[in-house]
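The chain is numbered in sequence order, starting from 1. Below, each value reflects all heavy atoms present in this structure, side chains not excepted, and no hydrogens, waters or symmetry copies.
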Amino acid sequence: MTEIRVRESEMMQEIAELDRRGAASELGYKDLAQVLRHAVRWDLTTARKWVATAARLSGAITPTGSELQRELPVTAVAVAEGALSIEHVAVVAKAMETLPAEAEAPLVDYARDHEPNEVRKFGEDLLYRLYQNDPEPRDPEPAPPGNEHRMRWKNGRLEIRAKLDKVTGAKYEALIDPLAKPRPQTSEEGPDLRSREAREGDALAELVDLMLRADQLPEHGGEPVTLTLTMSYEDLANQVGYATLDNGDRVPAEQVRQFACNAGIIPMVLGGAGQPLDVGRKTRTFPAAIRRTLVTRDRGCAFPGCGRPPRQCDAHHIRHWANGGDTSVDNAVLLCRHHHTLIHQSKWEVRMVTGIPTFYAPAWLDPQRRPRRNLINTA
C-alpha cells in the first residue's frame with residue numbers, strides 16, 4: 001500500500017507540473033481535468049480530484065477569513081513517504097482552512113493511522129477545542145432592502161456578487177435553471193460531470209450571450225449595447241497579438257476570432273496606418289435569415305453528441321472571415337458556447353461534407369481522425 005501511495009505522489013507531481021506548464025491551454029482545453037478525461041479516460045470527477053490534490057500539495061491553501069496563502073509542508077512530506085492517500089490530503093487541506101498552521105503536524109500524525117472520515121472529525125474537534133472559550137458570535141446585521149450588485153476584476157476574471165429581492169431572485173433563478181442542466185452524455189466526452197456551481201457559472205455566461213443576441217436591449221450612447229474589439233488586420237489574420245476592448249483591457253487574438261462569430265460583437269479591424277478597414281455590423285456578422293437556415297439544418301449544436309437547442313448556440317465561421325471565409329450558410333455551423341470555445345481553442349476541426357457539418361478530433365485523441373457527426377439533432 002505504501003508503494004502505491006508513493007506512486008500516487010509521483011503522479012500528482014507530474015500532474016502539478018503539467019498544470020504549471022499550462023498544458024490545458026496549450027491543447028485548447030478549459031482546464032487540465034478535461035485533458036486527463038480524454039487522455040487517460042478518467043471520469044471528470046476523478047480527474048478533478050487528482051488535479052485539485054496535486055494543486056494542494058504543490059501550491060498553497062487560503063485560510064478562511066484571510067487573503068494570505070499558506071503551504072502544507074508536513075502534509076507534503078507525509079504524502080511523499082506514502083503515508084497519506086489523496087482522500088487524506090483533501091480532508092487535511094479542508095481542515096487547515098480554519099485551523100492555525102501549528103495544527104497541521106498533529107492533524108497529519110492522526111491521519112497516518114486513521115481513515116479520512118475520522119481525520120475530518122478529529123479536525124473538527126481540534127477546531128472546537130481551540131476556540132471553545134471565544135465569545136459567541138454576534139447576530140449578523142440584517143441585509144439592507146433592495147437589490148445589490150458588485151463587480152470586480154481580479155487576475156483576469158470578473159468576480160460578481162449580488163443580493164436580489166425575492167421576485168427578482170425568482171426571475172433570475174428561472175433564467176439560469178434551464179441553461180444549467182447537464183449536457184447530454186456523449187461517447188466522446190461521457191456524462192456531464194461539472195459541479196452545479198460550474199454549470200450555473202457556464203449558464204450565466206450563456207445568458208450573457210443570449211442577451212447580446214436579443215433585439216430589445218437598452219441603449220447606451222444612443223445605440224444598442226455593443227462590445228467593440230479593435231486590432232490590426234495583420235495580427236488577426238496571423239493569430240498573434242491582441243485586441244483592445246472599449247475599457248482598455250486586452251483580449252488574445254484567438255479569442256477575438258471566436259468573438260467575431262457572435263452577434264452583438266463589432267470587430268473593428270485596422271490597417272497598417274491605423275485606419276478602419278472593416279467595421280462589422282450585427283446583421284452583417286450572421287443575418288437573421290442565415291441563422292434561421294442554420295437552425296433548420298443543424299437543429300441545435302452540431303457537435304457530436306450535443307443536444308443544446310438553437311437558442312443556446314452561436315453561429316460559427318468554419319473558415320474564418322479573416323482567412324477569406326464568407327458569411328454564408330455553407331461556411332457556418334451552430335455550436336453551443338462550450339463546443340464553440342473548444343473548436344476555437346483546440347485542434348478539433350469542423351468541415352462541411354455533402355452539406356453536413358462533420359467534425360474531426362485532434363490527432364492525439366484519435367490518430368485516424370475519423371469523421372464524426374451529431375446523430376442526436378439529425379435523427
Side-chain angles (χ1 to χ4, degrees), residues 1-59 61 72 75-76 78-80 82-94 115-117 119-120 180-202 301 303-308 336-339 341-343 345-348 359-370 372 374 376:
M1 182 61 71
T2 298
E3 183 179 352
I4 292 176
R5 289 179 174 173
V6 169
R7 291 181 178 178
E8 286 182 346
S9 174
E10 294 172 349
M11 184 177 297
M12 283 187 285
Q13 292 176 21
E14 293 179 0
I15 292 174
E17 180 65 14
L18 287 173
D19 202 17
R20 186 186 68 79
R21 293 185 179 184
S25 177
E26 183 177 342
L27 293 172
Y29 280 73
K30 182 178 180 180
D31 52 45
L32 189 58
Q34 297 282 357
V35 176
L36 296 176
R37 180 186 192 180
H38 279 164
V40 297
R41 300 297 182 182
W42 277 347
D43 63 72
L44 197 53
T45 299
T46 300
R48 283 180 172 153
K49 181 171 65 175
W50 278 83
V51 172
T53 305
R56 293 186 184 105
L57 292 178
S58 63
I61 63 168
L72 301 175
T75 307
V79 172
L84 302 183
S85 67
I86 59 174
E87 289 80 9
H88 282 102
V89 175
V91 171
V92 170
K94 184 65 176 178
E115 62 187 65
N117 192 47
V119 177
R120 178 184 59 79
K181 291 180 179 179
R183 288 190 293 269
Q185 180 172 340
T186 67
S187 58
E188 288 80 10
E189 297 183 303
D192 185 355
L193 298 178
R194 291 175 298 166
S195 65
R196 180 170 182 81
E197 290 79 7
R199 287 190 282 111
E200 290 180 349
D202 289 342
C301 179
F303 194 89
C306 186
R308 288 285 187 179
C336 69
R337 187 175 188 273
H338 168 71
H339 290 119
T341 301
L342 185 65
I343 288 292
Q345 296 185 356
S346 73
K347 296 298 183 180
W348 276 89
F359 294 77
Y360 301 84
W364 67 266
L365 182 60
D366 181 5
Q368 298 179 358
R369 305 211 70 189
R370 292 163 294 186
R372 309 174 187 218
N374 190 328
I376 296 178

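- Of all the heavy atoms in Arg308 and Lys181, the pair that sits closest is NH2-O, 3.4 Å.
- By the ring pair (Phe, Tyr, Trp, His ring centres under 6.0 Å) test, Phe359 is found to be paired with Phe303, residues two or more places apart in sequence or in another chain being considered.
- For the pair Leu44 and Gln34, the minimum side-chain heavy-atom distance is below 4.5 Å.
- Between atom NZ of residue Lys30 and atom CD of residue Gln345 there is a gap of 10.5 Å, rounded to the nearest 0.5 Å.
- Nearest approach of Ala23 to Leu32, heavy atoms of both residues: CB-CD1, 4.3 Å.
- A distance of 8.5 Å separates CD1 in Ile343 from NE2 in His339, rounded to the nearest 0.5 Å.
- A heavy-atom distance below 4.5 Å is found between the side chains of Asp202 and Arg194.
- Between His88 and Val119, the closest side-chain pair of non-hydrogen atoms falls below 4.5 Å.
- Nearest heavy atoms, Val35 versus Ala24: CG2-CA, 3.8 Å.
- Side chain of Asn374 to main chain of Cys306: a donor-acceptor pair is present (N/O by atom type, distance under 3.5 Å, no hydrogens or angles).
- Ion pair Asp192/Arg199 not flagged as a salt bridge, since none of the NZ, NE, NH1 or NH2 atoms sits closer than 4.0 Å to an Asp/Glu carboxylate oxygen.
- Nearest heavy atom pair, residue Ser195 against residue Arg48, reads N-NH1, 3.6 Å.
- When the side-chain contact (heavy atoms from CB on, under 4.5 Å) test is applied to Ala47, the partners found at least two apart in sequence or on another chain are Ala33, Leu36, Trp42.
- A donor-acceptor contact shorter than 3.5 Å links the side chain of Arg369 to the backbone of Tyr360.
- Across all their heavy atoms, Arg120 and Asn117 have their closest contact at NH2-OD1, 2.8 Å.
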